[in-house]
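Sequence positions, counted from 1, serve as the residue numbers for this chain.
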Amino acid sequence: MGLDDYSKKRDFAKTPEPAGSKEAPGGTLRFVVQRHDARRLHYDLRLEMDGVLKSWAVPKGPSMNPKDKRLAIQTEDHPVKYLDFEGTIPEGNYGAGRMDIWDKGTYKPLKGGEKELIRALDKGDLKIQLHGTKLRGTFALVRMDKEDKKDQWLLIKKKDEFATELGYDAEDIQDDEDEEAGSVSLNKLVKPMLAMKTSAIFSKAGWVYEIKWDGYRVMANIQNGTVHLYSRNGITYNQKYPSLVTQLQAVPHDALLDGEVVVVNEEGIPDFQKLQHYSEEIDGELRYYVFDILYLNGHDTTSLPLLERKSLIPEVIEDIPQVYYCDHVEGMGKAFYEKTIKKGLEGVIAKKADSLYWSGARTENWLKIKSKESQEALICGYTTSQGNLFGSLILGLYENEKLIYIGNCGSGFNRESQRQLLNQFKPLIIKSPPFEDKINLKGRKAIWLNPELVCEVQFSQWTKMGLLRHPVFKGLRTDKMPPEIHKETETDPSAMKKKTAPKKTPKTDTLEINGFDVPVSNLEKVYWPDEKINKYQLISYYIEISDYILPFLKNRPQNLHRHPNGIKKESFYQKDMAETIPEWIETVSIYSESTEKDIDYMLCQNEATLVYMANLGCIEINPWNSKKDSLDRPDYAVIDLDPSDKNTFEEVIEVAQVAHEILDTAKIKHFCKTSGSTGLHIYIPMGSGYSYAEARDFVKIICHLIHDNLPKLTSMERAKDSRKGKIYLDYLQNARGQTLAAPYCVRPKPGAPVSAPLEWKEVKKGLAIQDFTLLNMAERVKKKPDLFLEVLGKGIDMKQALERLGD
């Protein structure tokens, strides 16, 4: 095409776009993608070729998902100077609107050189490899076979290690400097929040401190058992870490996790070079340390404060091998830093305890403090050496879009690592230096390279000339891309500015209850859409029945089942409430063998805590069967009558009546309540006199007796498929840490039913779950206030009960 069409369409006295002529072909081929907010927003892909920029308008923007076949309309050639153009094209000019660089880098044909590239363009079948900040790997540009649409092509990402299966919208892939927090979902790539660098450790209230793991930053997208691991730029890690993918498939939640993948030795110290060359046979353990969660079971959690987000993590990754919770300390930054460095770790990340998660932003709310200076750099060449495979690496980085020289690195590698590097250097060799300015190598012979490989080096300080002093090679960074390699800037923690991004937290009021200020928010939020019942009504209900429900909650660890967006949205469970709740709420610390740490469970000791839980979206309340002072000895045992979809509630009532007859005959105290969902619960007082194992075995005997009486209606099989449409006699609820809906608590079901204590004479045909709801239960409990209290009284004599059952 040449540049005639380009020049004819523009008046360069009125547009800031560059004029230019065809240039002589150079060495490295470059590309740019510009976001063009013209009459219609689109993206312009431009490839340097034959002395010009071959150009295509891509309406939806490029995609890293091979399933996306993006229309690309070929437009006029542009001058090579357009590679750096950003600005506003004034109204009245061709292409009027704002133009910004969205991505840029280098590219090369999949086969051959520039001549083969030009021939492939003429044939309408281009296959290229892009090396940009956002776009990497193999792409195809294929002309559509239509006589009247010769300018229409398809831009297609090929399946390779950089491809993703997640939804890819160019508008969502924001730059690091963009601090606007978009909504998070599992259907698209999400860029992680980044930390700023600071040189001084500090101890400050309201801050928490985590270990800075020396590895690769990895996002883990888990949806319906499918796992996608990817870097901050969307590079997939599924093929690199298949064992992690397998382990994370067992997570029983939909979640988006943020963490660091490392390889550690026997002392738990990361080895970055082993991670860089990781394989299943490598000496060292592969681990994924999770320090944040952005999405859980239908909920964008980025609006929650950091400590509240972190409290959700342990339960999500519980019992998952190779996956670890990244713990923290509060306030004691200096002591934690000294202990961390003494162990041989890289440093510390300091985070504001109440910080929100800003996808793609680098903010002063997160700070990294390292024991040694380090810098990411581009390998721009190497010097030759008679005694070694090469002498030193020639390093550079970008400063104001210009590649500058920052020194040579001649230590940190052995002969094997040199050999591996040389193999990667071979296809990158070029004839001329990639730097614009002449550099002084003090007589050493250089082999120049296309600056595509990113490495990390440690060094002592920057010289006055802007060079690295005493750099030591640490390893290659496959998770970083060349155009983003700049000198890291520092912030001073003693003079930190407040973040100016808009707040995402909802408007909060307080209720004074029993002398405590209880935060409440969004009281008008609808929890039951069909019934139009809102959060205010839920809180009012719990205030009204607090005297009746609290005896069943006090001193019992709570497993919070939260529905912050109502019953038709996804919910999540929360056990660990460490540092996320007001000081006046009591907790109990219980060691978890699965997470190998203490979990701080909430205790609901008063009406104020009950309201606090309801405000969190705890529609139903799930206490342990035992109290904090006798955690291994339950106060009651439970028979859970759990129907299948094929059972009627009248059949559940029939089973309950048989259970009642058996227990009555054996003179065993027992009490019934609706589950509030589809079944019935039968409670037997234990008085904390027996272990969970003894209580479970006792209930199992009773369930066998019920099953013997109703073999065609009931099942003892735990697996749903084996029950064959029968009512499950669940005795396994009698275990340490298991929870059931408390008496009088509301359930997140249509109609807002309540788990209602019953008199046995009420357990008969005609009884219905919907008889007892949030709207009428308060009146009932006033008339029958003591229905279930005996459950908390003196326990049965199990020995005598077993003898009577035997008779």
J.: Taking the side chain as every heavy atom from C-beta outward, state whether L610 and I621 have any atom pair closer than 4.5 Å.
T.: yes
J.: Once you round to the nearest 0.5 Å, how far does CZ of F772 lie from NZ of K673?
T.: 12.5 Å
J.: Around atom NZ of K700, are there more than 12 heavy atoms from other residues, nucleotides or ligands closer than 6.0 Å?
T.: no
J.: Could you walk me through whether L805 and I668 pass side-chain contact (heavy atoms from CB on, under 4.5 Å), step by step?
T.: CA-CA 9 Å; L805 285 171; I668 298 171; 4.0 Å; yes
J.: Using atom types as modelled, flag every donor-acceptor pair under 3.5 Å from a side chain in residues 790-797 to any protein atom, sequence neighbours excluded.
T.:
{"from": "D797", "atom 1": "OD1", "to": "K799", "atom 2": "N", "distance (Å)": "3.2"}
{"from": "D797", "atom 1": "OD1", "to": "Q800", "atom 2": "N", "distance (Å)": "3.2"}

J.: Of T302, D258, T301, D292, which is the lone residue that meets side-chain hydrogen bond (donor to acceptor under 3.5 Å, both in side chains) with Y357?
T.: D258
J.: Atom CD1 of I684 and atom CG of D635: how far apart are they, to the nearest 0.5 Å?
T.: 14.0 Å
J.: Between E531 and P750, is there a side-chain heavy-atom distance shorter than 4.5 Å?
T.: yes
J.: Distance from N555 atom CG to L550 atom CG, nearest 0.5 Å?
T.: 11.0 Å
J.: At what distance, to the nearest 0.5 angstrom, does CE of M686 lie from OG of S630?
T.: 13.5 Å
J.: Begin with the C-alpha distance, continue with both residues' side-chain angles, and end with the deciding distance and a verdict on side-chain contact (heavy atoms from CB on, under 4.5 Å) for Y209 and V329.
T.: CA-CA 5 Å; Y209 302 84; V329 300; 4.0 Å; yes
J.: Is it true that a side-chain atom of D254 and a backbone atom of N224 form a donor plus acceptor pair closer than 3.5 Å?
T.: yes
J.: In the structure I gave you, are the side-chain heavy atoms of V746 and W528 within less than 4.5 Å of one another anywhere?
T.: yes
J.: Any ring pair (Phe, Tyr, Trp, His ring centres under 6.0 Å) involving residues 700-725? Give me the pairs, sequence neighbours left out, ordered by first then second residue.
T.: none
J.: Output yes when a side-chain donor or acceptor of N625 lies under 3.5 Å from a complementary backbone atom of N734, and no otherwise.
T.: no
J.: Charged N to carboxylate O below 4.0 Å: is that the case for E308 and R562?
T.: yes
J.: Please identify which of these residues, Y601, F552, Y692, meets the ring-ring contact (aromatic ring centres under 6.0 Å, His included) condition with W624.
T.: Y601
J.: Out of I727, D640, D642, T674, which residue meets the side chain to side chain contact (heavy atoms under 4.5 Å, CB included) rule with L680?
T.: T674
J.: Is the count of non-hydrogen atoms from other residues, nucleotides or ligands lying under 6.0 Å from E661 atom CD greater than 12?
T.: no
J.: L538 and L774: side-chain contact (heavy atoms from CB on, under 4.5 Å), yes or no, with the steps?
T.: CA-CA 7 Å; L538 177 71; L774 174 152; 3.9 Å; yes
J.: Which atom names give the shortest non-hydrogen contact between A608 and W584, and what distance separates them?
T.: CB-CZ3, 3.7 Å
J.: Under 3.5 Å, side chain of N534 to main-chain N/O of K525, donor-acceptor pair present?
T.: no
J.: Quick check: do L758 and L767 have side-chain heavy atoms less than 4.5 Å from each other?
T.: yes
J.: Contact between S355 and L306 at the side-chain level, heavy atoms closer than 4.5 Å - yes or no?
T.: yes
J.: Measure up the Y289 and W213 rings against each other and bin them: parallel (under 30°), tilted (30 to 60°), perpendicular (over 60°).
T.: parallel
J.: Search all heavy atoms of L296 against all heavy atoms of A255 and return the closest pair with its distance.
T.: CD1-CB, 4.2 Å
J.: Roughly how far, to the nearest 0.5 Å, is the CD1 atom of I599 from the OH atom of Y591?
T.: 10.5 Å
J.: Under 3.5 Å, is there a donor-acceptor pair between the Y573 and N622 side chains?
T.: no
J.: Classify the angle between the aromatic ring planes of H328 and Y325 as parallel (below 30°), tilted (30 to 60°) or perpendicular (above 60°).
T.: perpendicular
J.: For A659 and I682, work out which heavy atoms get closest and say how close.
T.: CB-CD1, 3.6 Å
J.: Looking only at atom types and distance, does a side-chain atom of Q657 sit under 3.5 Å from a main-chain N or O of V763, one as donor and one as acceptor?
T.: yes
J.: So that I can tick it off, tell me whether K782 and E544 are bridged by a salt bridge, with the cut-off set at under 4.0 angstrom between side-chain N and carboxylate O.
T.: yes
J.: Between Q574 and N559, which heavy-atom pair has the shortest distance, and what is it?
T.: O-OD1, 3.6 Å
J.: Considering only heavy atoms from C-beta outward, does the side chain of Q322 approach that of L248 to under 4.5 Å?
T.: no
J.: K339 and M332: side-chain contact (heavy atoms from CB on, under 4.5 Å), yes or no, with the steps?
T.: CA-CA 11 Å; K339 183 178 179 182; M332 301 176 65; over 6 Å; no
J.: Is the shortest side-chain heavy-atom distance between F671 and P685 below 4.5 Å?
T.: yes
J.: Has Y536 got more than 12 heavy atoms of other residues, nucleotides or ligands less than 6.0 Å from its OH?
T.: no
J.: Students often mix this up, so state it plainly: with edges at 30° and 60°, are the rings of Y636 and Y683 parallel, tilted or perpendicular?
T.: tilted
J.: Is E330 reaching over with its side chain to a backbone N or O of V208, donor-acceptor style, under 3.5 angstrom?
T.: no
J.: Under a 3.5 Å distance rule, please check whether T609 uses its side chain to pair with a backbone N or O of C604 as donor and acceptor.
T.: no
J.: So does T648 get a backbone contact from the side chain of E651, meaning a donor-acceptor N/O pair under 3.5 Å?
T.: yes
J.: For residues D319 and P321, report the shortest heavy-atom separation together with the two atoms involved.
T.: O-CD, 3.3 Å
J.: Atom CD1 of I211 and atom CD1 of I349: how far apart are they, to the nearest 0.5 Å?
T.: 11.0 Å
J.: Decide, yes or no, whether a salt bridge links R780 with E762 under the criterion of side-chain N to carboxylate O below 4.0 Å.
T.: yes
J.: So, R747 side chain and S675 main chain: donor-acceptor pair closer than 3.5 Å or not?
T.: yes
J.: Would you say the side-chain atoms of Q558 pair up with the backbone N or O of R556, donor to acceptor, closer than 3.5 Å?
T.: yes
J.: Do M777 and I545 have side-chain heavy atoms sitting under 4.5 Å apart?
T.: no
J.: If we ignore hydrogens and angles and just use 3.5 Å, is the side chain of E779 paired with the main-chain N or O of N776 as donor and acceptor?
T.: no
J.: Heavy-atom count check: over 12 atoms from other residues, nucleotides or ligands less than 6.0 Å from R804 CZ?
T.: yes
J.: Specify the closest pair of heavy atoms between T714 and K726, including all atoms of both residues, with the distance to one decimal.
T.: O-CD, 3.3 Å
J.: Are more than 12 heavy atoms, taken from residues, nucleotides or ligands other than K535, located less than 6.0 Å from that residue's NZ atom?
T.: yes
